[in-house]
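Counting from 1, the numbers follow the sequence of the chain as shown. In listed order, ligands and their atoms are each counted from 1.
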Amino acid sequence: MKCILVTGGAGFIGSHVVRLLVTKYPDATIVNMDNLTYAGNLENLRDVASQPNYRFVKADICDYTQVKKILTDFAITGIIHLAAESHVDRSITDPFIFARTNVIGTLTLLQAAKEHWKNDMDSSLFYHVSTDEVYGSLENGGFFVETTPYDPKSPYSASKAASDHFVRAFHNTYKLPVIISNCSNNYGPYQFPEKLIPLFINNIRHNRPLPVYGKGENVRDWLFVEDHARAIDVIFHHGRIGDTYNIGGFNEWKNIDLIRLIIKVTDRLLERPEGVSEKLITFITDRAGHDLRYAIDSTKLKTELGWTPSLQFEEGLEKTVKWYLSNQAWLDNVTSGDYQKYYEEMYKL
Ligand code: NAD
Ligand code: DAU
């Protein structure tokens, strides 16, 4: 692959994918296409922005003309598609933007890729980055495997499921070479602090309430973001066309247990008495339709492509807490402006 387009490269996971590809493949050009929504931040890529094989283009994935022009101008041979609206709570408040970006945006990219590659499908690849949430909620034990039937339950997961279906439909109908991966919850540096882990680290630092939905009994399966980026690289280069791969670290945590661990690590790094911030825990009204449990079985990825997570969770969490505590300016920057309004309306705390 000579010229790879990464969509959503200024976001959380996208920035780690871009950093990995720019550094690992100096002979390939990595084009980051992002329209810089509230979740997109070029600061996330400051360390690689001046590399000769990196380009940034501000563009909307829903704009067919612009997408087609980028594919042509850069002679794109591979697309790694991450651009999306990604926060479940926002999808509950405003589902329409999720349908626009995640469904129409993906369809626009697929159609543009199909036209761009119509004479050379064989040496191209459309890699779609999706989520484990498309499988629904595990209420009775077990794991999500690649053949688990889709059963999305939030407007976010419904929009991601719809986009996955369009990707498979383009493979089946037009023979577009595609691969899909479905990953569990990511954590690590540069995650927008509306998501559980960075939100709670920031609130602990500022002695603000920690808003726990319901009783904190929901379970999530956490993976360090750099391990997700490594998995994407492996699948993009070695995955089977038309196939699906689940990505996860077999690392389930009940929210309340995870929150207690975040408090313990953050208090220690802030040199506060251990556990003093537990008093900030505030149980609030549950998220509407809150999925009980996600758990990914990533055996296929390990067996077929040899990927395994590189970090133990305790190590990854420590790295993550340290990063947020040392990057308060980044947090202040992304939480200024509109985010304050969102926070007040969302939590009323
Ligand atoms: P994010 O919200 O941090 O970043 C999304 C990026 O997409 C931002 O840079 C934003 O500016 C860009 N974007 C949004 N709308 C766009 C548009 N119309 N045109 C161009 N760019 C646009 O998201 P994330 O958490 O990094 O997730 C990236 C992808 O991975 C998403 O597709 C998400 O569904 C998937 N995913 C996320 C997780 C997770 O835990 N965060 C887990 C599994 C899968
Ligand atoms: O599973 C993969 C998905 O993980 C991705 O597809 C999504 O893009 C990503 O946002 C994430 O979704 P979740 O809803 O699981 O992540 P979030 O960080 O929002 O919440 C994690 C858990 O913590 C969830 O059970 C809800 C709970 N929570 C979250 C917030 C923000 C709280 O109790 N309080 C909060 O304030």
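Heavy atoms of A59 come nearer than 4.0 angstrom to ligand 1 in at least one pair. At least one heavy atom of A10 sits less than 4.0 Å from an atom of ligand 1. Ligand 1 has Y156 within reach: a non-hydrogen atom of the residue lies less than 4.0 Å from it. Ligand 1 is approached by S130 to a heavy-atom distance shorter than 4.0 Å. Heavy atoms of T7 come nearer than 4.0 angstrom to ligand 1 in no pair at all.
For ligand 2, none of its N or O atoms has an N or O atom of D89 under 3.5 Å away. The shortest N or O to N or O distance between A83 and ligand 1 is not under 3.5 Å. Between M33 and ligand 1, a contact under 3.5 Å exists for no N or O pair. In terms of polar-atom proximity, S86 is counted as a contact of ligand 2, with an N or O under 3.5 Å from an N or O of the ligand.
Annotation: D94, atom CG; neighbour count of heavy atoms from other residues, nucleotides and ligands within 6.0 Å is above 12.
Applying the 4.0 Å criterion to heavy atoms of L36 picks out, from ligand 1, the atoms 11 (O). Under a 4.0 Å criterion applied to the non-hydrogen atoms of Y156, ligand 2 contributes the atoms 5 (C), 6 (O), 7 (C), 8 (O). Near T131, meaning under 4.0 Å from one of its heavy atoms, ligand 2 places the atoms 1 (O), 2 (C), 3 (C), 5 (C), 6 (O). Short contacts between ligand 1 and D60, defined as distances under 4.0 Å to a heavy atom of the residue, involve ligand atoms 17 (C), 18 (N), 19 (N). Proximity to D132 (heavy-atom distance under 4.0 Å) selects the following atoms of ligand 2: 1 (O), 2 (C). Ligand 2 places these atoms under 4.0 Å from at least one heavy atom of L199: 36 (O).
A side-chain donor-acceptor contact under 3.5 Å links T282 to the backbone of L280. Checking side-chain atoms of Y190 against main-chain N and O of W330 turns up no donor-acceptor pair under 3.5 Å.
Looking only at atom types and distance, the side chain of Y187 has no donor-acceptor partner in the side chain of R220 under 3.5 Å away.
Under a 4.0 Å N-O distance rule, the pair E344/K348 does not qualify as a salt bridge.
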